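Below you'll find the structure, written out as structure tokens, and then a few comments.
Side-chain atoms are counted along with the backbone in the values below, which use heavy atoms only and exclude waters and symmetry mates. Just so it is clear, the model here is predicted, and its values are computed rather than measured. Remember, it's 1-based here, ligands and their atoms both numbered in the order they're listed.
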Amino acid sequence: MDLKGKNFLKMLDFTPEEINYLIDLSLKLKAEKKQGKSQKAYMAGKNIALIFEKTSTRTRCSFEVAAYDMGANVTYLDPSGSQIGKKESIADTARVLGRMYDGIEYRGFEQTKVEALAKYAGVPVWNGLTNESHPTQMIADMMTIKEHFGKLSGIKFVYMGDARYNMGNSLMVTCAKLGMDFVACTNKKYFPESWLVEKCQEIAKETGATITLTEDVESGCKDADVIYTDVWVSMGEPDEVWEERINELKPYQVNTSAFSYAKKDAKFMHCLPAFHDLNTTIGAEINKKFGIDCMEVTDEIFEGERSIVFDEAENRMHSIKAIMYATLGNA
Ligand code: CP
Ligand code: NVA
């Protein structure tokens, strides 16, 4: 499998074989790290730029630790720390950074921006999240499912909540590519866009996957292996949408009732950060305004035995290592 020099911009760009290769490479790199094997030679001498136009905990730390473990150096540009977009276009920035760095991570708003960066940079560009997609999260999520279930094909994967944004889109495409049974279980206003659903249905015909959109929680969650959710209001969306989102998505909260329809050993997943209690500024504000003490998932489920969210978070680092190594590594 040769992914050298390739960008990592969205899941639609990759074949099932390439995705499975990255998942298995992530598992191998994780095992090596647990065994204490040095990985310094894998990217020794490489320089990596990390551009974040939105905030991050997991993605930034994963890229940094992955780079350090593999012997690479990083420069972090925070949401206010560069000229990008304000004084300098993406095309110009790409051509400057491409002269200095061997690879560039970019987290921002429109997918068109990361695509433009990749077009002009001349070095691999990795999408660290856009409004439309979050591909590095996909390798970590699928790696985590494989660790817990020993397989991906045939897994019933239910996504509840806002399925028309980066996470819902990317998960639907990834499940389609990997032969999984994907269900978007939510208010129909939050179904992924129809062109993408149609595209995934075409892919599913080849891979044996199924794509289902439903507003019915009981049939949606019936015999689920994994129930997944994400925040109801994403980075970059205005505060004014909170009230509408709470009203429209409350029936699709992940709670014991949703899990009562799932398989006995079903798992809970979330890309994080999550609003499951009042220990965040936004969580406390929403509680004051709307009187609810959790949003997309209850604290009981988040903290309960089905939850594998911290395995998933750890796996961000191992999988980002695999993505960088496969596209840019030495040897
Ligand atoms: N899941 C994820 O991308 O988290 P961060 O926003 O903290 O990077
Ligand atoms: N949908 C969320 C994902 C965060 C990792 C957001 O874009 O804010």
Worksheet item: Using heavy atoms and a threshold below 4.0 Å, how should the contact between L129 and ligand 1 be classified: side chain, backbone, both, or neither?
Response: neither
Discussion item. Ring-plane angle category for F157 and Y228, please: parallel below 30°, perpendicular beyond 60°, tilted otherwise.
Written reply: tilted
Discussion item. For atom 4 (O) of ligand 1, what's the nearest protein heavy-atom neighbour? Residue, atom name and distance, please.
Written reply: R58 NE, 2.8 Å
Worksheet item: Should the pair K156-D223 be classified as a salt bridge under the 4.0 Å nitrogen-to-oxygen rule?
Response: no
Discussion item. Quick check: closest heavy atoms across S319 and I139, and the distance to 0.1 Å?
Written reply: CB-CG2, 3.6 Å
Practice prompt. Identify whether the distance between the nearest side-chain nitrogen and carboxylate oxygen of E147 and K30 falls below 4.0 Å.
Written response: yes
Response to the item:
When every non-hydrogen atom of T59 is compared with those of R107, the smallest separation belongs to OG1-NH2, 2.8 Å
Practice prompt. Taking only heavy atoms of Q137 into account, list the atoms of ligand 1 that are under 4.0 Å away from them.
Written response: 1 (N), 2 (C), 3 (O)
Worksheet item: Considering only protein heavy atoms, which is closest to atom 6 (O) of ligand 1, and at what distance to one decimal place?
Response: R107 NH1, 2.9 Å
Fill in: Backbone N/O of L171 and side chain of Q137: donor-acceptor pair under 3.5 Å
no
Worksheet item: Regarding Y120 and T93, is there a side-chain donor-to-acceptor distance under 3.5 Å anywhere?
Response: no
Worksheet item: Do K54 side-chain atoms and G108 backbone N/O form a donor-acceptor pair below 3.5 Å?
Response: yes
Worksheet item: Backbone N or O of A44 within a donor-acceptor pair of the N330 side chain at under 3.5 Å?
Response: yes
Practice prompt. Using distance alone, determine whether C271 and ligand 1 share an N or O pair under 3.5 Å.
Written response: yes
Item to complete: For L272, counting its heavy atoms only, list the atoms of ligand 1 lying under 4.0 Å from any of them.
Response: 1 (N), 2 (C), 4 (O)
Worksheet entry | Pair K289 + E243, salt bridge at N-O below 4.0 Å | no
Worksheet item: What's the shortest distance from atom 2 (C) of ligand 1 to any protein heavy atom, and which residue and atom give it?
Response: R316 NH1, 3.3 Å
Can you list every pair where an N/O of ligand 2 is under 3.5 Å from an N/O on the protein?
residue	atom	partner	partner atom	Å
ligand 2	1 (N)	N166	OD1	2.9
ligand 2	1 (N)	D230	OD2	2.6
ligand 2	1 (N)	S234	OG	2.7
ligand 2	7 (O)	N166	ND2	2.9
ligand 2	8 (O)	M235	N	2.9

Worksheet item: Can you tell me which residue and heavy atom of the protein come closest to atom 7 (O) of ligand 1, and the distance to 0.1 Å?
Response: T57 N, 2.7 Å
Worksheet item: Of the backbone atoms (N, CA, C, O) and the side-chain heavy atoms from C-beta on, which set of R60 has a member under 4.0 Å from an atom of ligand 1: side chain, backbone, both, or neither?
Response: neither
